[in-house]
Amino acid sequence: MSDTILEAQRAPTGIRSLSMQQALNAALSDAMALDPRVLVFGEDVGALGGVFRVTDALQSRFGESRVFDTPLAESGIIGTAVGLAMAGWRPVPEIQFDGFAFPAFDQIVCQLARMNYRSRGALPMPVTVRVPSFGGIRAPEHHGESLEAYFAHVPGLKVVSPSNPHQAYHLLRYAIAEPDPVIFLEPKARYWNPGEVTQEPGALEGAVIARPGRHATLVAWGAMVARCCQVAELAAEDGVELEVLDLRWLKPIDEPALAESIGRTGRAVIVHEAPLSGGLGGELAALISQLCFGRLKAPVERVTGFDVPYPAGDLEDEHIPDVDRILFGVRRVLEYGRG
Amino acid sequence: MSDTILEAQRAPTGIRSLSMQQALNAALSDAMALDPRVLVFGEDVGALGGVFRVTDALQSRFGESRVFDTPLAESGIIGTAVGLAMAGWRPVPEIQFDGFAFPAFDQIVCQLARMNYRSRGALPMPVTVRVPSFGGIRAPEHHGESLEAYFAHVPGLKVVSPSNPHQAYHLLRYAIAEPDPVIFLEPKARYWNPGEVTQEPGALEGAVIARPGRHATLVAWGAMVARCCQVAELAAEDGVELEVLDLRWLKPIDEPALAESIGRTGRAVIVHEAPLSGGLGGELAALISQLCFGRLKAPVERVTGFDVPYPAGDLEDEHIPDVDRILFGVRRVLEYGRG
Amino acid sequence: MTTPMPDPSGAPVDDDLLRRAYALMVVTRALDTSAVTWQRQGLLPAYPPLRGQEAAQVGSVLGADLTSDLLFPTYRELGVAVAADVDLVGYFGNHLGHWNGGLYDPVASRLAPIQAVVGGSVLHAVGWALGRALDGENGVAVAYLGDGASSQGDVHEAMNFAAVLEAPVVFFVQNNRWALSVPLHRQVAGESVAARAGGYGIPGLVVDGDDVAAVYRAMRTAVEHARATRQPVVLEAMTYRRGPHATSDDPGRYRSLADEATAGADPIDRLRDRLTASGAADESWFADVDTDATGRIDALHAVLVASSPRPGADLFEHVFVHPTPQLTAQHARWREESDRV
Amino acid sequence: MTTPMPDPSGAPVDDDLLRRAYALMVVTRALDTSAVTWQRQGLLPAYPPLRGQEAAQVGSVLGADLTSDLLFPTYRELGVAVAADVDLVGYFGNHLGHWNGGLYDPVASRLAPIQAVVGGSVLHAVGWALGRALDGENGVAVAYLGDGASSQGDVHEAMNFAAVLEAPVVFFVQNNRWALSVPLHRQVAGESVAARAGGYGIPGLVVDGDDVAAVYRAMRTAVEHARATRQPVVLEAMTYRRGPHATSDDPGRYRSLADEATAGADPIDRLRDRLTASGAADESWFADVDTDATGRIDALHAVLVASSPRPGADLFEHVFVHPTPQLTAQHARWREESDRV
Ligand SMILES: Cc1ncc(C[n+]2csc(CCOP(=O)(O)OP(=O)(O)O)c2C)c(N)n1
Ligand SMILES: Cc1ncc(C[n+]2csc(CCOP(=O)(O)OP(=O)(O)O)c2C)c(N)n1
Ligand SMILES: [Mg+2]
Ligand SMILES: [Mg+2]
């Protein structure tokens, strides 16, 4: 990752304000310019530039051989990516929406994640699968899924989700440069929020503290990071100082960061959009309970989506953890044991 | 489940010794005899009787309309099951091996699990998906997978795994009678182990204590239950009394049973074949840590498969938790804090 | 292996049927156009217009027998819903964001829930048709799919399963030449989905999808063939997606006006010309149809505007027939926390 | 849309090639037969014999160009490995239970890892072929698949992708009339996989899979067509699975001796007769081939018997190029606990 530089002509000062969608587009463009082996393909990524315009103008810049539309079949997209990687390319396929990763599940789990293993390193899979993910935009069915728990369980995969434009840019560059397959979950609800993207990536492995605090730690990723920061803002008005830990990498999980933060605060609330049962919050709560055993002042709380299919637009605000539900969770960890 | 009776002619005394494979075969046969809407289909379930003979002789008994081979396509099998359920049938499709559930993942997650929801109850899905599962038989790649963490996270699914012939018989009957979709994970390593199957099913919801004890609780399912009982046997020689909790239902998880057992023993070791990270052990450890907060004498231990693809036959005994590794886990919870 | 299929030109089409088709197509067009407006006005979060596919959709429904058959729609099947006389308030429940799949009764309506996975319901049609056949019933399943959907593995599995298991399914392909931004020749190798039927030993038919009479005849023939023989049929209606993929789409990024011009004459105009030429309808009849359509749409609009979201408690309903304790507990906490806010 | 393909009968077959083919087929047969015995003796946990498919497998490899092409096998491709001169100890690494996928070098061997998912590698062939074409290289991918595999959605997606994206792939179907216990007519609607090619606008060829010369000629033609035009080809070799599905299988449960009799003359006998009739080989040459085969097999057997499992630490190697801290920690604990036992 030494060469993670924004292109000079696009960021003469090294700092610019971009939306996450723009930052991702810039990351793809810069990665393709630097490495001629990078390929971008998927449904509607070419002339259209993707339904979220994350691949905007890449085809005109890099040509139809390096940026191309495929037929409408997600298993086909990932299976083709596996073959392209076998031929020495560095594919960055897009799955148009989270819910449409399921048809590709077999190729991801049984092929992409295992080819390096199966071939004992002869056929590495430097593939970054971009997936516009999570809910919050009133989209139709299957357009609001949280996939991290599924993928974080798959041996051979790494999973990451950025929470702001700066991370989006640098983590995508990092993921593309990785020699291992990375599932890159883009929080589509944050595509249009602007933020500063600086030339200096900062550390790209592990978690980051999005907001420091000392009474309890909120653990989140993707769009929930901004929401947790909002919660922390509100809580601060009441004198409660919440730390927000932006996990970023969902596999591997940054265990030292969890131990450090929650070891300090003694209280943790995990926030995710996915359903509670079997969600990544379980893994996290298990790790925290183990790493901070004896130092926890309250059981780890999980404020999550319910154990229900991701609902229609009207009901998504009831489903995704909102400020109030997170505050209730915070209150539970703060008041625990006080009777 | 009031009508869970073994057929008189096959079990005149009401008790018989069967292997799990025989018990499952009897359950299918009895369920089909009792309910003319039950259908069995999948790859090689007809004339062959399934690669494990679980569907042996069903086709000759119930005819080719109710027991039929499909073409070789797992998504097709589950999608067809969804349609058959829409037409009022009660399908019991087989996925030949765990690893081949992945091509059907989309139909399971996005269709089977959601059709009742999507249709607001107009199109219930009383479908039992049988999957010979887990490892331990030196089979080729993709024939030793543990799927419970994937399926237990899916809203709309229930997941169960029997550990002995008696449970296999009665839980399969129960699953088939259920109006909701059930993923039925059969521990193939235990297919040939005999056991008594009695007419009285006993409670079929929730967990059961496979062996009582007071120093620590081993939480397991499928083939790991027998292994944990073996560990308990060994530990007993040293005066350590381990309780073995057979979870059975992996969704919904029996939280009261966890709270009761581990509330009593204060120590828990979760044992599963699936990789550690993101495994169901995370969910369980999270629940235990929460339910027994302040009463745990040691952090919950997880003794599991490693974060590696299920390996070739030669290495599977290194991968699946064995008696020694479980004993190390037990020692960790027993010795915790003793310095 | 292909069983020969009766010649579709043999199925009779009378003026009555054509007038019925015309009225349905006009209602569909008016509703579709209004829905785009409603989306702009913020009533609907998004909407996928079917403009140009009215003949294909209406003709296909008229060719089926809704006393026995079941239709499996995609997300772009408003014309099917109109022709099948589905409760449109319930149908728009999907597009309003009230409930994924719609709020109409799929069993009584003979229309399976709206399906948002491309190719997702095609296998269900196979299973359902097989199930009816196992019951000795005469039902034919109509699986709606697009040119883009034909690329999905599930669609192949469905055609093969239907042929091998003898499930009476009509795979009704609306080949509208576009799958979002991808044109037919970059999507369907060979450029015809019906041409694939031969590979399964089943009949494949191509029809002018903008000629409602032709669609009706072909559909009728296909449905009756499937019913009589339990052999599935692929029926491909050639048409053109005249609007954007959905209200959020910007076709200017990927297709030219020249391409749009290849769509040819509008299917409603074509039918109107035919009815006029044959004397089966006149200006005043057409005006009445328009008035009726406007009236229906205004009435519907009033109901949709007044319709409210489903209560939050609906989140927890119907996940299971027998809910899990976890879900019940989550429901209880949700209620408690909503009350306390 | 189908580009016409040169007539396969045009590709020359000389005696040398036939003798080479014969020797490879004999080695394959002897090895295959031995492997079944080795399984009975407990050396291999399981083995899927290819008996009867020697001509198809050997002919297909001889028709490809291993300086540029890459072969994507299933689990039943020992004859391919033999003909491609793959390190057989490494190949049997898979069947010994040493390592899933085998221990040969897939890149140097021009043989992708053994694939246990039916249809699982067919899309990889498409991606690889596309990748070589993007590099301006001449490589053709040969995707091996069975009649059963043709039912998988992935195979359809692969054929369509290859045709649309212009990936030079030969889909080499060994139609051995059985997929485990399921006969062709309950598996492949229409009963021919090559017949599906037309639906993708690509050439489909059927060949007598037990005639090694015919397979060679057809393969050569298909490979060169794909290479020259970047158009994929479906080549279906009609053969018969003369053995059980695998050593654990019991075909008596699902097929009759009468069915087995339809397999016809053994492909090795056929070639031997041809060589004898043309005078291209005589008894002493055949005897030498047998002796050579026996020698190779004995040598291989000695190595396999002596081969040991991979060390347990291999579990943790190659999961990632950059392992996660969790994996490293698990590896460390595994080592510690193994040492302490
Ligand atoms: C499995 C899946 N992948 C991707 C999408 C996103 N998507 C929705 S519609 C569409 C194009 C469908 O084209 P076609 O089948 O021709 O139907 P049309 O939109 O033309 O009616 C795409 C890519 C989806 N809904 N489902
Ligand atoms: C996706 C998948 N489903 C099921 C299986 C189990 N299985 C292994 S081989 C086989 C039959 C394959 O038939 P075919 O493709 O004709 O190849 P053949 O065995 O005849 O060589 C089956 C069902 C599998 N390996 N992969
Ligand atoms: Mg289309
Ligand atoms: Mg076969």
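So you know, we letter chains A, B, ... as the sequences are listed, proteins then strands, and number each from 1. Just so you know, these numbers use all the heavy atoms, side chains as well, and skip hydrogens, waters and symmetry mates. Quick caveat, the model's predicted, so the values are computed rather than measured.
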Can you tell me which of [options] forms the most heavy-atom pairs within a distance under 4.5 Å of chain A?
options	result
D:Asn94, D:Asn100, D:Asp135, D:Val117	D:Asp135
D:Val122, D:Asp154, D:Val126	D:Asp154
D:Gly101, D:Gly139, D:Ala108, D:Pro113	D:Pro113

Minimum heavy-atom separation for D:Phe320 and A:Asn116, please, with both atom names.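 Result for this residue pair: C-ND2, 3.9 Å.
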So which atom in D:Pro106 and which in A:Ser119 form the shortest heavy-atom distance, rounded to 0.1 Å?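 In this case the closest contact between D:Pro106 and A:Ser119 is CG-CB, 4.2 Å.
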With rounding to the nearest 0.5 Å, note down the distance linking [atom1] in [X] to [atom2] in [Y].
X	Y	atom1	atom2	answer
D:Leu130	A:Ser65	CG	OG	9.0 Å
A:Asp180	D:Thr324	CG	OG1	9.5 Å
D:Gln115	A:Met115	CD	CE	6.5 Å
D:His124	A:Leu123	NE2	CG	10.5 Å

Which answer fits [X], side chain, backbone, both or neither, if we ask what part of it has an atom under 4.5 Å from a heavy atom of chain D?
X	value
A:Leu72	neither
A:Glu205	neither
A:Pro124	side chain
A:Asp69	backbone
A:Leu157	backbone
A:Met125	neither

Counting heavy-atom pairs under 4.5 Å with chain D, which one of [options] comes out on top?
options	result
A:Arg114, A:Lys158, A:Glu255	A:Lys158
A:Met86, A:Arg66, A:Gln111	A:Gln111
A:Ile78, A:Ile77, A:Asp254	A:Ile77

Measuring heavy-atom distances to chain A, does D:Glu317 have an atom under 4.5 Å in its side chain, in its backbone, in both, or in neither?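 Backbone of D:Glu317 only, per the 4.5 Å heavy-atom cut-off to chain A.
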